[in-house]
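As the structure is a prediction and not an experimental result, all values here were calculated from the model. The figures here come from the full heavy-atom set of this structure, side chains too, leaving out hydrogens, waters and symmetry mates.
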Amino acid sequence: MGVKFGLYLKLSLFLHVGWLFSNSTVFFVISCYFSFQKKVADSPDAILRNGLNNRYRVLEVSVIQRNGSDPEKHLAITASPSLEDRELCILRNGWESVPVVPGDIVHLEGQCSSGTWVINAQSGYLVLYPDLLLSGTTISSSIRCMRRAVLSERFRGSESGSPQMLVGTILHDIFQQSITNDLTQEKVQELANKIVYGQKYLKEMYLLNMKQAQIMQEIEEYLPSFFKWAEDFMHNPANQNKMQLKLSNGGKPEDVSSKIEVVDILDIEENIWSPRFGLKGKIDVTARVKIHCQSGAQSRVMPLELKSGKESNSIEHRSQVILYTLLSLERRADPEAGFLLYLKTGTMYPVSGARMDRRELMKLRNHVAFYLTHSTYKSDVGRQNSQLAALPPVIDDSQTCKYCSQMHNCFLYSRAVEQKMASVAFPPALVPVIDRETQHLKPSHLEYFSLWYLIFLTCEVLFLIKAGDCVGNMIRVDEVHEVSEGQYLHFFQRRNGAISGTNLLVGDRVVVSGEEKGLLGLATGYVREVSGTKVSCLLGRNLSNLPKNTVFRLDHDEGDVGTGVPFKNLSKLMKDCPVSERLRNLIIDFQKPCFIQHLSSVLPPEAKETVANILKGLNKPQKQAMKQVLLSKDYTLIVGMPGTGKTTTICALVRILSACGFSVLLTSFTHTAVDNVLLKLAKFKKVHPDIQKYTEEEICRSRSIKSVTDLEEVYNSQPVVATSCMGVNHPIFAQKQFDFCIVDEASQISQLVCLGPLFCSKRFVLVGDHQQLPPLVLNAEARDLGMSESLFKRLEQNQNAVVQLTVQYRMNSKIMSLSNMLVYEGKLECGSEKVSNATVNLPNLKKLKLDLGDASKSWLKEVLDPDTPVCFLNTEKAGCKPSDIGIISPYRHQLKTITDLMAKWKENRVEVNTVDKYQGRDKSIIIVSFVRNSIDENLGSLLKDWRRLNVAITRAKHKLVMVGCVPSLCCYPPLEKLLCHLQSQAMISFFSIIHKCNIL
DNA sequence: GCTCTGCAAAGAGGA
């Protein structure tokens, strides 16, 4: 067996930031003139410390070049928060190329003597942004092309899989389960059958259009090699050829030929996060290995990396193993080496985790980390807007590029962003290729791409590890239940003290770690139940093999949510295909939406009666909306003003469309909104009104779907499919094209997220109201760049596509008139006399009035009077704390105070919530507490928003009581307008201090 | 100056 020894990774690293030094100068120091945005350094979570897990902040960077000697980089660093106690870090022998700038956070490994660290060829590592964990595959793929590595991090999930990949995944699964259980021929065959003909990989097979038998055939070719490997490395290692493997305590230096015996499998898919090396990854197999050599045997716990493809023993494969040896350091003694196991042949290669290879890989990691964190920059001191930075350079290797899965994104970015940069040069042969591959895009499209790419970069969260909510000091109790394949129910008990309710909620995503160092990120999953001191979680891994006394912590996992989807959609929008071209024309270039003339051409005669029946239940504008949608060739926007029956309208629309034989994709940003519509729809379906029955999972289970053909049938038989906008990554949407797509809550969804479902439909309907709250954007810069503009708002300028639902069934006329005056210009009308005149029913009012005989409480009488549907309580003279009353409020702190007070009065039936959370809902009586009570303070931005005020005042059906200090609130233009109106209608009263509020 | 929804993930091979 030919085994290579200690392959030295000679990697040429590219650097194209500003401080590359000139070698003609004798001695000079450059301070960096690029002011990059440093997402780590600016983060308050970066905790500086000394010791083993040190974190230093870089204060100054100097490049030192002496004639005739190699260049060095000197870093002035500190681990003290006050930025005193400076230390020096000297980078040599290639480490000086690490693109570190002042302000960066670094981790140092190695020796430090009297305040000076030396990182050179022989010892030490510098880890740039150690809290940015990069996966083993990202780093090993960056060897060939760093640009591709960075692009696939950003456009995660935009690479479609291949048949070989799926076969690879299944082979991994079979091998991993076999070696932990039973590697006999009979059992392995049985397992292979169970996995291939089971449900686990059906969706992937459907997506790739593969049949189970075809996959089984490929799998079977591998199985003999499984047994050969087991024979060679588990049962009869004596028969094995010797391999070259040198470990530090392996005796004499020449004693490097040994035989390998795998004695025990300790873990499968072991997940390790290493904030020491800034790495993360999953180790296929963690095994106890005995190394037999002349001077005896020694045992190590080592990583095995499985490969089902061609037996290449390539740098990429070997690098992955070397990175896993580094990851292993978090959990156990240095394995110093690992193995590459090629499943096709059963051959196993040792891979030594030698210092020089580890060093080169860490340098590579630092470069990838640099590019990921410096994706934007601010070029001038005066101008503060961020700009897109260049990606790692395009490599000059057409063979590699030809098969690259990121080619589209690579060319797109070059064309839209980099071609304008003087500093970026492309391989000449590639320039015409880039131009050709992007020629379908107009300048407006490239601009749209750049803008939205920048917008999503500014709010990208790169760092996994945050000092967030955590419940610690937990031990595992009871048995672990395997609820379904790969889903393990765990129970944790707090060792002391109760679990604070706010820290973990049912349904939250959690990361389970050991409290002990090195046990970070053991498993991820969801919170099932929280009670007192106990938590149950559904985790992706079974943790019962860990020592009984392991102390755990559960962290709320916010992850990097939502950035993958928009980047993916943006990339898709720029593709050279008819669906994308159409959307570009409509969305970017505002092409006028078209409508057909006559309903008769879309309405099949046999559906006429059904449609007429459904229309009977609708009002005039709702009927108009139905007509408009049926006539549309491109899209329709339905403005659903408050209380105008959006859900009813959507239901009717779905029913009419499917009666006409159209397929419909129904989506919304939130699952609850999708559920609402489905629940209403379920009533008409004459099936059990529990929507659980309609989930894809449940349908497959109840019909015991076992083959790809069955699955295909199920998918094709559903004329109406509902999902959240993020959920359109489901395989069903990869092949199916719907006639219509309806997007609910469209004015609250970010443009690029809203785009997702539109790719799989011929026409779309957006339902929303831009006078209510827009998409939530936390990042101020992203907001300035226009991120909160929903697709609904953007397309609204094409008025011919807009239908307004103006007849509302929620508010009585007095309440409605406020909103009409404020934003709807009188368009809103009551659905009936009954709605218009409805007042609140207070059965105990008479009795209560007697109790309120006291003149000082006469204001209360006025407020309670059902014939006063709108009332503004002026707290100006009363001096009453605004915190004394309230149900909805713009401020969460106010709500907390109110909730606490109500709890004291044992009143928990009244729902207290923010204006934002109340959007889309209503109540008979709404009390709005505006809180503000001073004029001179800084004005908050919350009350300046017309849309928020509009939402606040349109939640009440019968009675709207607003509380606040009139002069304070008049500083806000929307409230000023409202108060002016109320004044003219004599709807403002003053009130005195009240002591009890349990009257409602 | 304070409003908060979304979601699995690293790797599965190919040249």
Legend entry - Runs of at least three consecutive pairs that involve DNA chain B, where pairs are Watson-Crick or G-U with distances under 3.5 Å: none
Residues forming a side chain to side chain contact (heavy atoms under 4.5 Å, CB included) with [X], sequence neighbours excluded:
{"X": "L776(A)", "value": "L778(A)"}
{"X": "E316(A)", "value": "R144(A), S314(A)"}
{"X": "D173(A)", "value": "Q177(A), I195(A), K200(A), Y201(A)"}

Side-chain donor/acceptor pairs under 3.5 Å, residues 786-793 of chain A, sequence neighbours excluded:
from	atom 1	to	atom 2	distance (Å)
E789(A)	OE1	Q751(A)	NE2	2.9
S790(A)	OG	K793(A)	N	3.1

Inset, instruction - Describe the nucleic acid contact of G136(A) in one word from base, sugar-phosphate, nothing, applying a heavy-atom distance below 4.0 Å. - result: sugar-phosphate
Inset, instruction - For T400(A), report the nucleic acid contact type (base, sugar-phosphate, nothing); a contact means any heavy atom under 4.0 Å. - result: nothing
[X] [atom1] to [N] [atom2], straight-line distance once rounded to whole Å:
{"X": "H317(A)", "N": "dG11(B)", "atom1": "NE2", "atom2": "C1'", "result": "11 Å"}
{"X": "E270(A)", "N": "dA10(B)", "atom1": "CD", "atom2": "P", "result": "15 Å"}
{"X": "D284(A)", "N": "dA9(B)", "atom1": "CG", "atom2": "C1'", "result": "14 Å"}
{"X": "Q164(A)", "N": "dG14(B)", "atom1": "CD", "atom2": "P", "result": "6 Å"}
{"X": "K282(A)", "N": "dA12(B)", "atom1": "NZ", "atom2": "C1'", "result": "12 Å"}
{"X": "D508(A)", "N": "dC4(B)", "atom1": "CG", "atom2": "P", "result": "15 Å"}

Inset, instruction - Would you please name every residue forming a salt bridge (charged side-chain N to carboxylate O under 4.0 Å, His left out) with R147(A), sequence neighbours left out? - result: E418(A)
Would you say [N] has OP1 or OP2 under 4.0 Å from some side-chain N or O of [X]?
{"X": "T137(A)", "N": "dG11(B)", "answer": "yes"}
{"X": "S162(A)", "N": "dG13(B)", "answer": "no"}
{"X": "K402(A)", "N": "dG14(B)", "answer": "no"}
{"X": "R892(A)", "N": "dC4(B)", "answer": "yes"}

Legend entry - Flag if over 12 foreign heavy atoms under 6.0 Å of NZ, K310(A): no
Inset, instruction - Nearest 0.5 Å please: distance from the CZ atom of R955(A) over to the CG atom of N913(A). - result: 12.5 Å
Legend entry - Separation between the C1' atoms of dA8(B) and dA12(B), rounded to whole Å: 16 Å
